[in-house]
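Just below is one structure, and these are the notes that go with it.
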Amino acid sequence: MVFSLKKRQRRPHKVGLVLSGGGLRGIGHLGAIKALEEHGYRPSIISGCSMGAIIGAFYAAGYTVEGMLRIIGENDLFPTTSFRLRTSGFVDNRFLARLIHKHIPENTFEALKIPLHVSATNFRAGKVEYFHSGTLDDALLASSSVPLMFPPIKRGESVYYDGGILDNLPVKPLLGQCKYLIGVHVNAPDHIEPEKLTPAKMLDRITHLAIGQSVGLNARECDLFLEPPDMLQFSMFGKKELMHIYEYVYTYASQFLSQR
């Protein structure tokens with residue numbers, strides 16, 4: 001999907017960047033960011049969902065793409081010790097909180113070098129909410145808490161799950177704030193025949209077809225939209241594919257931007 005770059009006037013930020021969710025496919029955002037930097041696009045405000053929110057937080061804290069790849073290489077993103085048997089989620093997401101505390105010890109939105117907005121689904125209220133101030137780790141955990149896999153995050157009477165349920169490409173917080181709005185979506189489906197899908201891939205495809213409706217609408221708000229094709233060839237939780245995902249998206253984004 002391609003949209004023309006349109007100049008927007010009287011906005012406080014020159015470039016805004018919106019990063020979608022996508023499980024470990026979200027590592028592809030690093031490839032997109034690297035390509036965008038090489039072509040002169042450096043965001044001064046970011047919005048993200050799920051893994052896009054996590055990548056956005058580390059980038060907003062000042063980490064380079066190479067630095068984030070190094071952190072990923074040094075840490076097991078889904079350690080076996082995090083698996084558990086509970087109805088609220090079979091993966092304990094405290095390993096992610098520890099990773100955030102270690103590398104972003106201030107643990108607040110206000111301490112970030114670039115303003116960040118994070119989408120999460122308020123499960124009880126049935127609506128999406130956007131966090132941009134206060135404690136960082138709770139917001140990132142809420143935004144990435146895939147139902148049934150991770151336990152929800154509770155704030156007062158509210159219960160939060162993955163922001164991708166209702167807004168997997170959260171452009172809304174950045175509308176009116178930047179001259180150029182760039183969106184990156186790492187969940188584009190492929191065109192495989194349904195009978196060739198395994199049950200896991202069938203569920204994956206159905207999930208992303210459902211949440212993809214809002215992505216298509218939000219993408220129209222972007223001046224530049226990067227959507228690498230056939231991303232469902234990669235598993236949402238395939239740890240062995242991380243560098244392949246990064247290189248795949250980097251190659252796509254580099255070629256796309258070079259043709260502009």
Side-chain angles (χ1 to χ4, degrees), residues 1-8 11 13-23 25-37 39 41-56 59 115-121 127-130 143-144 162-191 204-234 236 245 248-260:
M1 192 178 298
V2 181
F3 299 101
S4 62
L5 192 64
K6 302 168 292 187
K7 192 172 182 179
R8 294 178 173 177
R11 308 298 167 96
H13 296 277
K14 182 177 181 180
V15 177
L17 179 63
V18 185
L19 304 175
S20 76
R25 293 187 197 113
I27 300 303
H29 287 310
L30 296 178
I33 291 171
K34 184 66 175 176
L36 286 166
E37 287 182 340
H39 286 79
Y41 297 100
R42 291 184 177 270
S44 58
I45 188 169
I46 300 171
S47 179
C49 172
S50 198
M51 182 60 85
I54 296 168
I55 295 292
Y59 191 64
L116 174 71
H117 296 260
V118 171
S119 70
T121 299
K127 65 179 183 179
V128 64
E129 293 184 14
Y130 304 97
S143 183
S144 58
D162 195 304
I165 297 172
L166 295 178
D167 193 355
N168 202 38
L169 189 72
V171 303
K172 185 177 180 179
L174 303 195
L175 294 180
Q177 294 205 55
C178 45
K179 295 178 181 178
Y180 303 122
L181 184 58
I182 301 173
V184 184
H185 180 229
V186 293
N187 276 321
D190 51 19
H191 302 284
D204 188 12
R205 186 179 183 86
I206 290 171
T207 300
H208 287 96
L209 286 175
I211 68 177
Q213 298 303 307
S214 65
V215 170
L217 293 174
N218 290 347
R220 296 184 180 278
E221 300 288 348
C222 297
D223 301 298
L224 176 63
F225 184 57
L226 298 175
E227 187 178 53
D230 300 338
M231 285 297 290
L232 298 196
Q233 66 179 292
F234 305 111
M236 285 183 69
I245 294 171
Y248 178 82
V249 176
Y250 170 75
T251 299
Y252 167 82
S254 296
Q255 293 175 347
F256 178 82
L257 294 169
S258 295
Q259 295 169 0
R260 293 191 58 79

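Counting from 1, the numbers follow the sequence of the chain as shown.
Atom NZ in Lys34 sits 10.0 Å away from atom OG in Ser254 (nearest 0.5 Å). One distance of note links CZ of Phe256 with CD of Glu227; it measures 10.5 Å at 0.5 Å rounding. For the atom pair CG (Asn187) and CG (Leu232), the distance works out to 6.5 Å, reported to the nearest 0.5 Å. From Ile54, atom CD1 reaches atom CG of Leu19 across 11.5 Å, with rounding to the nearest 0.5 Å.
Contact of the Ile45 side chain with the His117 side chain is registered, since non-hydrogen atoms from C-beta on lie closer than 4.5 Å. Counting heavy atoms from C-beta on, the side chains of Met231 and Val249 come closer than 4.5 Å.
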Q: Check the pair Leu17, Leu36 against side-chain contact (heavy atoms from CB on, under 4.5 Å), reporting the backbone distance first and the verdict last.
A: CA-CA 10 Å; Leu17 179 63; Leu36 286 166; 4.0 Å; yes
Q) Passes side-chain contact (heavy atoms from CB on, under 4.5 Å), Asn218 versus Lys172? Steps please. A) CA-CA 8 Å; Asn218 290 347; Lys172 185 177 180 179; over 6 Å; no
Q) Could you walk me through whether Ser20 and His29 pass the side-chain contact (heavy atoms from CB on, under 4.5 Å) check? A) CA-CA 8 Å; Ser20 76; His29 287 310; 3.7 Å; yes
Q | Stepwise side-chain contact (heavy atoms from CB on, under 4.5 Å) check, Leu224 with Arg260 | A | CA-CA 10 Å; Leu224 176 63; Arg260 293 191 58 79; 3.7 Å; yes
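Listed by chain and number, the residues in a side-chain hydrogen bond (donor to acceptor under 3.5 Å, both in side chains) with Ser44 are His13 (sequence neighbours excluded). Every residue two or more places apart in sequence or in another chain was checked for a ring pair (Phe, Tyr, Trp, His ring centres under 6.0 Å) with Tyr130, and none qualifies.
Within the 3.5 Å criterion, the main-chain N or O of Ser119 finds a donor-acceptor partner in the side chain of Ser143. Side-chain atoms of Asp167 never come within 3.5 Å of backbone atoms of Ser214 as a donor-acceptor pair (strictly under, hydrogens ignored).
Residues Ser258 and His39 share a closest heavy-atom pair of OG-NE2, 3.3 Å. Between Val15 and Cys178, the shortest heavy-atom contact is C-CB, 4.2 Å. Here the closest non-hydrogen pair linking Leu169 and Val215 is CD2-O, 4.0 Å. Considering every non-hydrogen atom in both Ala188 and Pro228, the closest pair reads CB-O, 3.2 Å. In terms of heavy-atom proximity, Ser50 sits nearest to Ser144 at OG-CA, 3.5 Å. Taking all atoms of both residues into account, the shortest heavy-atom contact from Val186 to Gly28 is CG1-C, 4.4 Å.
Using bins of under 30°, 30° to 60° and over 60° for the plane-to-plane angle, the ring pair Phe234/Tyr248 lands in the perpendicular bin.
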